[in-house]
Amino acid sequence: MLRSNLVNIAVIVLLVAYAVSGEMFDAPYNITLATKVAILGMAGAGLNLALGYCGLISFGHAAFFGLGGYVAGILAVHAFNHQPIFLGWSGTNQMIAIWVFALLATGLLALLIGLLSLRTSGVYFIMITLAFAQMLYYFAISWPSYGGEDGLSTYLRNGFPGLNTMDGMSFFMVCLAWLVFVLWLSSRIINSRFGLAMQAVRENPVRLAGLGVSPFRVKLTVFVLSGMITGIAGALYTDLNRFVSPSVLSWHMSGEIMILVIIGGVATLSGPVAGAMLFIFLEQWLGGLTEFWQFWLGLMLLLVVLFARGGIIGTLNRWRAS
Amino acid sequence: MSVSLFAEQLLNGLQFGIMLFLMSAGLTLVFGVMGLINLAHGSFYMVGAFACAAMASALGSFWLGLAASLATAAIAGVLVETIIVRRLYHRDHLDQVLATFALILVFSEGTRWLFGSFPIFLNIPDILSGTIDLPFGIAYSKYRLFIIAVGILIAGGLYFLIAKTRLGVQIRAGEADREMISALGVNIARLNTIVFGLGAALAGFAGAMVGAIQSVEVGMGEPILILAFVVIVIGGIGSIKGAFLASILVGLGDTLGRLFLPGFFGFFLEPSSATSVGSALASMLIYLLMAVVLFFRPGGLFGKAA
């Protein structure tokens with residue numbers, strides 16, 4: 001426990017140090033990268049709850065990431081244009097209000113998708129979650145009111161009381177706070193009675209049912225929670241880019257979030273963050289060397305799957321344990 | 001709406017469904033026999049289309065291109081199976097998803113490297129261009145009719161292969177009990193390679209056929225791959241019969257949904273929003289269909305209960 005705590009803290013310290021170095025050496029792009037790592041790491045942490053700890057292989061988390069993103073984008077655009085959405089209310093450009101709406105919307109969506117898809121398991125579950133995400137993706141593409149295929153630009157970053165969110169470092173701190181909160185919450189959940197139940201679902205749902213705990217309700221709760229966390233990450237991602245497009249709903253996004261979790265280490269607390277770091281690093285480094293960096297990314301992923309099981313954090317923990 | 005337009009759309013839906021079947025057949029067999037979830041199946045579709053386009057432009061013959069698409073996709077399938085996929089059969093689904101997702105990246109970017117990002121256009125051979133007059137005054141594209149005919153022939157051949165030949169018996173036995181048939185002396189590793197290569201060849205062939213109607217470009221396999229997943233989930237994973245019926249259902253449902261839904265909403269919405277609501281819903285229709293099927297039959301129409 002202590003050993004993995006050390007690794008968790010090291011990962012966060014590394015992330016903060018990278019952002020601070022960006023501030024000190026006047027390299028705002030590095031702060032943007034660090035913010036992106038924090039946001040993607042958080043999306044991964046959300047997925048990790050379902051995928052890693054509960055064994056629910058969702059291949060459709062882009063639905064929650066994207067819906068969170070669109071909630072932020074749509075509310076902000078309405079507020080910018082003073083154009084009413086509903087009963088004369090014209091959106092908001094306050095992050096806190098947007099987060100509440102993003103949580104509600106993604107929670108509801110996850111409840112709906114979960115109610116239907118958790119009736120299945122195994123490959124059916126993988127595919128039905130993928131299909132629901134695709135459904136939203138095609139809806140976003142063919143729905144013209146909010147940009148359709150071209151996406152939606154929000155012009156300004158939404159506000160947070162007492163902060164100038166257009167300043168990169170301030171916005172990084174907001175995202176970092178969310179990330180740390182989510183990781184803390186995850187560790188509280190994992191080590192609680194409920195957390196034991198959810199890991200028991202992964203290992204042996206029949207025995208859990210025999211103990212009088214309904215596996216379906218545990219799975220549904222985890223799925224909704226996981227979707228909401230990923231949704232908040234999506235809302236922050238819109239704020240980071242000041243832009244949202246259907247690509248955040250695409251299955252590449254689902255695949256990317258899943259990759260972060262797996263290369264970082266499934267069912268490890270800071271695995272998704274380490275995975276996001278490695279992913280962004282590869283994107284920047286390989287992307288600078290060759291236009292076809294995803295070719296090499298694919299090869300590396302293949303090697304990781306075939307030979308290095310447990311991801312970065314798993315390997316670190318094993319290495320320190322021996 | 002005229003009868004001929006409706007008939008044309010009906011045939012288009014059928015053609016779409018039959019191409020979906022060629023994709024889904026391999027996918028569902030590979031899952032049924034090897035228990036592998038293969039996201040890279042769409043890459044074989046793309047490989048087939050590119051092989052056909054390259055061969056057709058080099059030799060000037062569409063038919064040689066079609067042959068090349070079958071051969072290239074089959075070879076790619078056999079290579080992928082023996083080098084990588086073989087190691088994944090005993091892994092969990094998560095590893096399979098990740099490894100085959102990585103394969104997509106390798107295939108897509110590799111193809112972009114070789115052929116560039118711009119779409120390539122593949123010409124329909126002269127003998128199949130233009131339309132043909134069907135009864136009731138319907139003029140329909142010869143090439144699409146050709147696709148329907150070839151697709152039905154292949155489906156028939158596949159049925160014969162699975163139901164009547166020794167290989168088919170082994171494939172069905174492999175779906176039922178892998179250990180038992182290898183204990184009975186069937187070379188299971190070779191069977192796996194054959195099934196995977198066959199599925200890849202069918203996908204490549206479908207890619208080449210459709211490539212001549214649409215364009216040949218990187219990433220063309222992904223939308224159709226996801227539709228093929230919808231098909232095999234509706235049909236029941238592992239069931240060829242289910243895949244065939246679900247393909248036709250999805251092909252017709254998607255095509256007719258796009259035709260009718262905008263008009264349907266026109267009855268009670270103003271025209272501009274009717275068009276946008278209708279087309280948005282039409283693009284979601286088959287996923288809704290899948291959700292409904294899974295709600296009542298979680299194992300698909302012809303599958304075992306999940």
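Chain letters run A, B, ... following the sequence lines, proteins first, then strands; residues in each count from 1.
When side chains are defined from C-beta on, A:Leu306 counts as touching B:Leu88, because their heavy atoms get closer than 4.5 Å. Looking at A:Met127 and B:Ile226, their side chains never come closer than 4.5 Å, going by heavy atoms from C-beta outward. With a 4.5 Å cut-off on side-chain heavy atoms, A:Ile262 and B:Phe101 do not count as touching. Between B:Leu294 and A:Arg119, every side-chain heavy-atom pair lies at or beyond the 4.5 Å cut-off.
Using a 4.5 Å cut-off between heavy atoms, B:Phe107 makes no contact with chain A at all. Heavy atoms closer than 4.5 Å to chain A are found in both the backbone and the side chain of B:Leu94. For A:Phe125, no part lies under 4.5 angstrom from a heavy atom of chain B. In this structure, chain A has no heavy atom under 4.5 Å from any part of B:Leu227. For A:Ile126, the part sitting under 4.5 Å from any heavy atom of chain B is the side chain, from C-beta outward, and nothing else. Of the atoms belonging to B:Leu225, it is side-chain heavy atoms, and not backbone ones, that fall under 4.5 Å from chain A. Both the backbone and the side chain of B:Phe229 come within contact range of chain A, each with at least one heavy atom under 4.5 Å from a heavy atom of that chain. When heavy atoms are compared at a cutoff of 4.5 Å, A:Ile259 approaches chain B by way of both its backbone and its side chain. Looking at B:Ile286, neither its backbone nor its side chain comes within 4.5 Å of chain A, counting heavy atoms on both sides. Within the 4.5 angstrom heavy-atom criterion, no atom of A:Leu115 approaches chain B.
Distance OG/A:Ser142 to CZ/B:Arg258: 8.0 Å, rounded to 0.5 Å. Once rounded to the nearest 0.5 Å, the distance linking CZ of A:Phe59 with CG of B:Leu98 reads 9.0 Å.
Closest approach of A:Ala131 to B:Tyr287, counting heavy atoms only: O-CD2, 3.5 Å. Residue A:Phe139 comes nearest to B:Met284 through the heavy atom pair CD1-SD, 3.2 Å, listed as atom of the first residue, atom of the second, then distance. Here the shortest heavy-atom pairing between A:Met135 and B:Leu288 reads CE-CD2, 3.7 Å.
Under the 3.5 Å distance criterion, the side-chain polar atoms of A:Tyr124 are matched with a main-chain donor or acceptor of B:Ile237.
No more than 12 heavy atoms of other residues, nucleotides or ligands sit less than 6.0 Å from atom CH2 of A:Trp285. By the 6.0 Å contact criterion, CD on A:Glu291 is open, its count of non-hydrogen atoms from other residues, nucleotides or ligands being 12 or less.
Taking 4.5 Å as the heavy-atom cut-off, the residues of residues 293-302 of chain A that approach chain B are A:Gln294, A:Phe295, A:Trp296, A:Leu297, A:Gly298, A:Leu299, A:Leu301, A:Leu302, ordered by number. At a heavy-atom cut-off of under 4.5 Å, chain A is reached by B:Ile37, B:Leu39 from residues 33-40 of chain B, listed in order of number.
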